[in-house]
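For clarity, every value in this text was computed on a predicted model and none was experimentally measured. Below, all heavy atoms of this structure are taken into account, side chains as well, without hydrogens, waters or symmetry copies.
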Amino acid sequence: MKTGKNLKLTIIVVLLAAAGFGGYYYYQRQQATNQMTAVETAEVQKQDIRATVSATGTLRPVDSVEVSSKITARIKTVLVKENERVTAGQTVATLDGKDYEAKREQAQYKVVNAKAKYDRVSYLYGLGANTKEEYEDAVYNYDTAQSNLEEAESDVAETVITAPMDGVVVGEPQTPGTMAVQGTSNPTVIMRIADLSKKQIRAKIDETDIGSVRVGQDATFTVNAYPEQKFKAKVSKISQTDVTSSWDTSSSSSSSSSSVSVVYYYVTLDVDDPENLLLPGMTAQVEIVTADRPGTLALPISALKTNVNGTYVLLVQPDGTTVEQPVTTGIYSDEYVEILDGVSEGDRVENSYTAPKKTAFSQSQRGGGPPPV
């Protein structure tokens with residue numbers, strides 16, 4: 001009887017030990033599986049790589065002008081409409097010139113009187129009956145009257161507004177009855193005329209990218225109106241100062257923007273638009289080609305690694321092992337990097353990282369987060 005109990009006890013112990021060993025073995029396998037390395041490789045191969053700088057800009061005509069008046073008067077007629085083509089010298093509007101015509105008549109009357117007085121004084125001065133001072137006063141008054149008449153005639157002429165250049169009327173002109181105010185700081189703009197056959201993009205480039213931009217570089221861009229169509233452009237000008245002139249400590253704009261950390265520079269690009277599809281004011285998403293390497297050795301950027309000695313890759317050996325191989329890189333595209341030295345075409349490199357499997361246990365106990373690179 002006692003022997004039977006001992007046998008049962010022994011069997012239970014053996015079963016418990018087997019269960020414990022099986023659980024431990026399963027745990028070890030799980031741990032090993034969780035620490036497995038997800039290995040991918042990439043082949044060194046030739047391909048075309050293009051380095052670009054992205055920017056956003058606004059389309060505008062190369063040549064445009066704001067038509068305003070040199071005198072203050074009410075607009076009498078507007079002879080053109082929006083989108084109408086005009087030529088240089090064409091009359092596009094007239095101003096109410098009644099007041100200026102009246103001033104011209106007064107100026108003409110004064111010239112006649114001053115001329116008569118001048119003739120009389122000049123005759124008497126020749127006879128010695130008048131003094132030189134009277135003669136000089138008569139000359140001065142006559143010259144002044146002529147100058148006033150010329151000014152009055154010029155003001156009357158300014159009531160006729162002509163186009164200063166060939167182009168298209170962009171935007172709605174002012175309506176008749178509007179007061180056109182002269183001035184150098186804030187004159188009334190009667191209409192805008194632009195040559196829409198030649199357009200430009202004025203884009204802002206980050207200071208980290210401006211060093212790779214050069215005049216003459218090709219570019220492509222898209223606009224929201226034609227999202228599937230790429231247009232061509234070329235860099236024509238690079239501003240020598242940032243958009244806020246932050247370097248100029250005497251400028252009020254620089255002091256107000258001193259807290260802004262990002263510095264931008266304006267870059268102008270000439271646009272190729274043979275179909276005349278693009279309109280002023282459109283937003284352009286620009287890609288400037290800063291370097292182009294056709295048929296060069298390349299690898300995914302994700303295959304690169306760095307340490308204190310520089311940049312390297314993990315070169316896969318025939319037996320499957322890897323060795324650190326220093327490489328010299330060239331230009332970068334969005335996904336690939338040019339390899340100048342260190343590996344050869346056809347070599348395979350490791351393109352991977354070690355990542356524990358994200359189980360509920362590992363997430364809650366380890367805190368999750370991105371895998372180490």
I need the Lys230 NZ to Thr222 OG1 distance, nearest 0.5 Å. 8.0 Å

State, yes or no, whether a side-chain contact exists between Thr283 and Thr56 at a heavy-atom distance under 4.5 Å. yes

Heavy-atom distance under 4.5 Å between the side chains of Arg60 and Pro280, does that happen here? no

Between Gln240 (side chain) and Ile238 (backbone), is there a donor-acceptor pair under 3.5 Å? yes

With a cut-off of 3.5 Å and sequence neighbours excluded, list every side-chain donor-acceptor pair involving residues 78-89.
from	atom 1	to	atom 2	distance (Å)
Glu84	OE1	Lys81	N	3.0

Supply the atom-to-atom distance Leu149 CG to Thr144 OG1, rounded to the nearest 0.5 angstrom. 12.5 Å

Taking it one step at a time, do Val215 and Lys237 satisfy side chain to side chain contact (heavy atoms under 4.5 Å, CB included)? CA-CA 6 Å; Val215 171; Lys237 185 174 67 174; 5.7 Å; no

Gly295 backbone acceptor or donor facing Asp48 side chain under 3.5 Å: yes

Test side-chain contact (heavy atoms from CB on, under 4.5 Å) applied to Asp319 - qualifying residues, sequence neighbours left out: Gln317, Thr321

Counting C-beta onward and ignoring hydrogens, is there a side-chain heavy-atom pair between Val67 and Pro164 closer than 4.5 Å? yes

Does the pair Asp96/Lys76 count as a salt bridge with the N-to-O cut at 4.0 Å? no

Could you measure the distance from the OG atom of Ser68 to the CD1 atom of Ile161? Nearest 0.5 Å is fine. 8.0 Å

Across all chains, not counting sequence neighbours, the salt bridge (Lys or Arg N to Asp or Glu O under 4.0 Å) partners of Asp119 are Lys115

With the 4.5 Å side-chain cut-off for hydrophobic clustering, are Leu279 and Val286 part of the same group? yes

Is any side-chain heavy atom of Tyr135 less than 4.5 Å from a side-chain heavy atom of Asn130? no

Restricting to side-chain contact (heavy atoms from CB on, under 4.5 Å), what partner residues turn up for Glu43, sequence neighbours left out? Arg348

Of all the heavy-atom pairs spanning Ala284 and Phe221, show the shortest one and how long it is. CB-CD1, 3.7 Å

Per side chain to side chain contact (heavy atoms under 4.5 Å, CB included), Ile201 is matched among Leu269, Val267, Leu278 by Leu269

Hydrogens and angles aside, do Thr268 and Gln200 bring a side-chain donor and acceptor to less than 3.5 Å of each other? no

Thr58 side chain near Arg202 side chain, heavy-atom distance below 4.5 Å: no

Is Ile288 reachable from Val263 through a run of I, L, V, M, F, W or Y residues, each pair having side-chain heavy atoms under 4.5 Å apart? yes

Test log, rule side chain to side chain contact (heavy atoms under 4.5 Å, CB included), inputs Val349 and Gln325: CA-CA 9 Å; Val349 301; Gln325 176 61 45; over 6 Å; no

In Å and rounded to the nearest 0.5 Å, what is the NZ to CG distance from Lys110 to Asn141? 11.0 Å

Please tabulate, one pair per line, all N/O donor-acceptor pairs under 3.5 Å involving side-chain atoms of residues 187-197, not counting sequence neighbours.
from	atom 1	to	atom 2	distance (Å)
Thr188	OG1	Val181	N	3.0
Arg192	NE	Glu66	OE2	3.4
Arg192	NH2	Glu66	OE2	3.2
Asp195	OD1	Ser197	N	3.1
Asp195	OD1	Ser197	OG	2.6
Asp195	OD2	Ser197	OG	3.4

Just say parallel, tilted or perpendicular for the rings of Phe231 and Tyr226, cut-offs at 30° and 60°. perpendicular

Quick one: does Glu338's side chain have a donor or acceptor within less than 3.5 Å of a partner on Ile331's backbone? yes

When every non-hydrogen atom of Lys46 is compared with those of Leu297, the smallest separation belongs to CG-CD2, 3.7 Å

Could you check whether atom CG of Asn224 has more than 12 heavy atoms from other residues, nucleotides or ligands sitting under 6.0 Å from it? no

Same apolar cluster (I L V M F W Y, side chains within < 4.5 Å links), Val139/Val111: yes

Decide whether Val316 and Leu314 are clustered together by the hydrophobic rule: side chain heavy atoms of Ile, Leu, Val, Met, Phe, Trp, Tyr closer than 4.5 Å, transitively. no

Looking at every non-hydrogen atom in both residues, tell me the closest pair between Val65 and Met165 and how far apart they are. CG1-SD, 3.7 Å

Is the backbone of Asp143 close enough, under 3.5 Å, to the side chain of Ser147 for a donor and an acceptor to pair up by distance? yes

I'd like to know if Val343 and Ile49 are part of one continuous hydrophobic network [Ile/Leu/Val/Met/Phe/Trp/Tyr, side-chain heavy atoms within less than 4.5 Å]. no

Heavy-atom closest contact (Asn276 atom, Lys199 atom, distance): OD1-NZ, 2.8 Å

Gln229 CD: over 12 foreign heavy atoms closer than 6.0 Å: yes

Can you tell if the side chain of Gln217 reaches within under 4.5 Å of the side chain of Thr290, non-hydrogen atoms only? yes

Under the side-chain contact (heavy atoms from CB on, under 4.5 Å) test, which residues partner Asp209, sequence neighbours left out? Val53, Ile205, Asp206

Report the C-alpha distance between Val327 and Leu304 in whole Å, list the side-chain angles of each, state the deciding distance to 0.1 Å, and finish with yes or no for side chain to side chain contact (heavy atoms under 4.5 Å, CB included). CA-CA 9 Å; Val327 293; Leu304 295 183; 4.1 Å; yes

How far apart are the closest heavy atoms of Ala114 and Tyr142, and which atoms are they? CB-CA, 3.7 Å

Gap between atom CD1 of Ile339 and atom CG of Asp347 - 0.5 Å precision: 11.0 Å

Stepwise, does the side chain to side chain contact (heavy atoms under 4.5 Å, CB included) test hold for Glu207 with Asp242? CA-CA 9 Å; Glu207 65 175 320; Asp242 61 287; over 6 Å; no

CG of Asp270 to NZ of Lys232, rounded to nearest 0.5 Å, is 15.0 Å

Would you say the side chains of Glu350 and Thr41 form a donor-acceptor pair under 3.5 Å? no

Tell me yes or no: between the side chains of Thr77 and Thr94, is some donor less than 3.5 Å from an acceptor? yes

Classify the side-chain pair Thr296/Gln47 by whether it contains a donor and acceptor separated by less than 3.5 Å. no

Taking all atoms of both residues into account, what is the closest heavy-atom pair of Asp334 and Ile301, and its distance? O-CD1, 3.8 Å

